[in-house]
Structure formats: structure tokens, C-alpha cells
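First comes the structure, then the notes that go with it.
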Amino acid sequence: MAGVRDILVQLNDVFVREPQLIWRYYRPFACSPTSKRNIFMVDGRTSHGGMFDRLKGIISVYAISKAQQKDFRIHFTYPFDLEKYLEPNEYDWHIDANAINYHYPASRPLFLYGECYAPRRLFKVRNHEAHFYFGYNIIDEVNAHYGTHYEWGQLYRELFRPTQYLQQYIDQYQKEIGDDYVVFHARFLNLLGDKVETAINPELPEVEREPLMQKLRDKMLELKGQLTGNPRIMLASDSMTFINYMCHEVPDVYVVPGTVKHIDTAGNTDDSENIKMFLDYHLIAHASKVYNIVAPGMWPSAFPEYAAKIGGTEFERIHV
């Protein structure tokens, strides 16, 4: 159910953000051939959220387009070109940048971030080229509205497969970690002083940081001990401080090499950072089980939850 905040976001989307984008990037009232396709935009002209916020939006708009039998495309160029790492699988979503129509009203941007609970504008059938900016998973709402039975992981697999360039890294690191492993994920935001987010939460005092890391370490080892066999631990986190701590405390823990960055706050990323992000979630997708460990002040992350959906892997969020 939409609250006051969501309504204010919707008003800002419709009366501020969309007109500003039209003014800056579109040619008002110019004549141009029209299309009725839906294009999901990740172009750096607004804040898009993290990788899985973007993927949640892509999958949701794809589901709507599929239900409406509309042509669907993805224009993902910020802060990297998605097609270097992921390519179309069963559905061809590629579009050349110069094929995008920027002539208003034959095309228009749609900021829909206030519609995660009441997606009325998202469901509207449009007779122009629609450029979607959105970052939530609304598959349940899509299914309820259209009488469909879409699943997030299946829709992802219809759209994406690793490029040959990315697949060589996946194969390399999958061989390193082996087949029997569980994943623990922990998202600290700024608690440990990593400054990976912009003022979302405060930093803990120095004296409180190690006790928090010890608490999570102990819980991870406890959970691992409850599993059959002797699976290896793979760790994924937004905190290099915690990753370095765990590598020291639990020498056999597996971490994909590289530096962690949040793609919506970093401004830019290099190839090694992008590869690490894609490797993290592809390896998560193939684990035997995935845990997201959450302590007070930490964030219940979407990253491991939706990575698990891609592979149909069991996921559990543990609060400590």
C-alpha cells in the first residue's frame, strides 16, 4: 500500500524529474518515426541504485512488457556497458544507442520509483516509446494484475547469459572453489568505516567494530557446523574490512579476488571490480545454500537473495 512518502516520490517523478529529463535530453515536439517499445534505461542521467536494484527493475519491466506483448530492450551503459559481461539469452533485448528515440512526445522518460507498492503507471499500455527508470521487484503484482505465473529467476535466465569474456572467469573461479560450498553474505554499509555508501548509516566507534565482526564470524561457523558434510565457506560482503578480517580468522574461507564497490555511489568502476561483482553473484547462484547474516545496524541485502533466485538456490536470512 502506498504511503505518504511514496506519493511524494510519485509527484516528484511526474512533475520534476521527468520534465527535467525531457528538457535536457529530448527534442520537444519534433517529428520522428514512432515505436511502441519499452526500453529500460541505465544511462547515468539519474541515480539507478545498486546492481540488483537495476536487475529487479529490468526483470519487472520485462515481465510487464511480456504480459502486454510489447517489444522490450535494455540500454545499460552506466558505469559500464552491460553487454561486456551479459548478453541476450532466449530474448534479444539489445538496442543500438543511436536507435533510441529522443523526440518528445513520440518517446518519453518514465520515472517510476514511487510505484513499488501501487504500480498504476507501470501497468499502463503506452502508444509511444517508453524509457523506464525503475528499481524494484514487482513480479507478484505483475502476476496478480495479468494472471501470469512469472518467476524472477526464470525471467532472468530468459534475458541473460554470461558473455564468453565473463564465462572464462566464472569457469576459473568455480574450479577453484569446487562444487561443495555455502555462501555467507554480510552488508555493513558504513558501519566498519569502509565508506561504501553515501550517509545511509553511521560508522561504529572503533571499539565496537571487532566485537561485531567476531559475532558474525561465530555465527557463520556455527551455521556451517550444522550442515552435512564439510562444505567450504564462500564469503561475499560490501566491506573489505570484514573480508580481510575473515580471511585472517578463517584461512580456508573463499573470497573472489578484487575490490568491492557500490556501482551507484562509486561514480565509475574498473573492469576488475565489475568482474568481481558478476563473479560473486554467479558463484552465489551455484552454491548449495546462501545465508545473509544481519546484525543490528546492518542491511538485509538483496544481492545474495536475488543471486540465489537466479540459480534456484536455497536462501536464508539470519538475524543475530
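Heads up: numbering here begins at 1 and tracks the sequence. Note that this is a predicted model, so its numbers are computed, not measured.
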Run Phe188 and Leu212 through side-chain contact (heavy atoms from CB on, under 4.5 Å) and show every step you take. CA-CA 10 Å; Phe188 293 87; Leu212 174 61; 3.9 Å; yes
State whether Glu203 and Arg209 are salt-bridged, where the test is any N-O pair (Lys NZ or Arg NE/NH1/NH2 against Asp/Glu carboxylate O) under 4.0 Å. yes
Using a strict threshold of under 4.0 Å (side-chain N to carboxylate O), is an ion pair present between Lys175 and Asp171? no
Ring centroid separation for Phe278 and Tyr169, is it under 6.0 angstrom? no
Could you tell me whether Phe40 and Phe132 have their ring centroids closer than 6.0 angstrom? no
Check the surroundings of atom CD in Gln164: do more than 12 heavy atoms from other residues, nucleotides or ligands lie under 6.0 Å from it? no
With a 4.5 Å cut-off on side-chain heavy atoms, are Leu235 and Phe242 touching? yes
I want to check something: taking the side chain as every heavy atom from C-beta on, are Leu191 and Met298 in contact at a cut-off of under 4.5 Å? yes
Can you find a pair of side-chain heavy atoms, one from Gln174 and one from Ile177, that are under 4.5 Å apart? yes
Between Tyr62 and Phe72, does the ring centroid distance fall short of 6.0 Å? yes
Exactly one of Met51, Arg54, Glu87 should register a side-chain contact (heavy atoms from CB on, under 4.5 Å) with Leu82. Which one does? Met51
Heavy atoms, side chains only, cut-off 4.5 Å: are Asp238 and Trp299 in contact? no
Identify whether the distance between the nearest side-chain nitrogen and carboxylate oxygen of Glu222 and Lys219 falls below 4.0 Å. yes
Would you confirm whether the ring centroid of Phe52 sits within less than 6.0 angstrom of the ring centroid of Tyr281? yes
For the aromatic rings, using the six-membered ring if either is Trp, is the centroid distance between His131 and Tyr25 under 6.0 Å? no
Salt-bridge contact Asp13-Arg121 (side-chain N to carboxylate O under 4.0 Å): no
Whether over 12 other heavy atoms sit under 6.0 Å from His286 NE2: no
What I'd like to find out is whether the side chain of Leu279 reaches to under 4.5 Å of the side chain of Ile170, using heavy atoms alone. yes
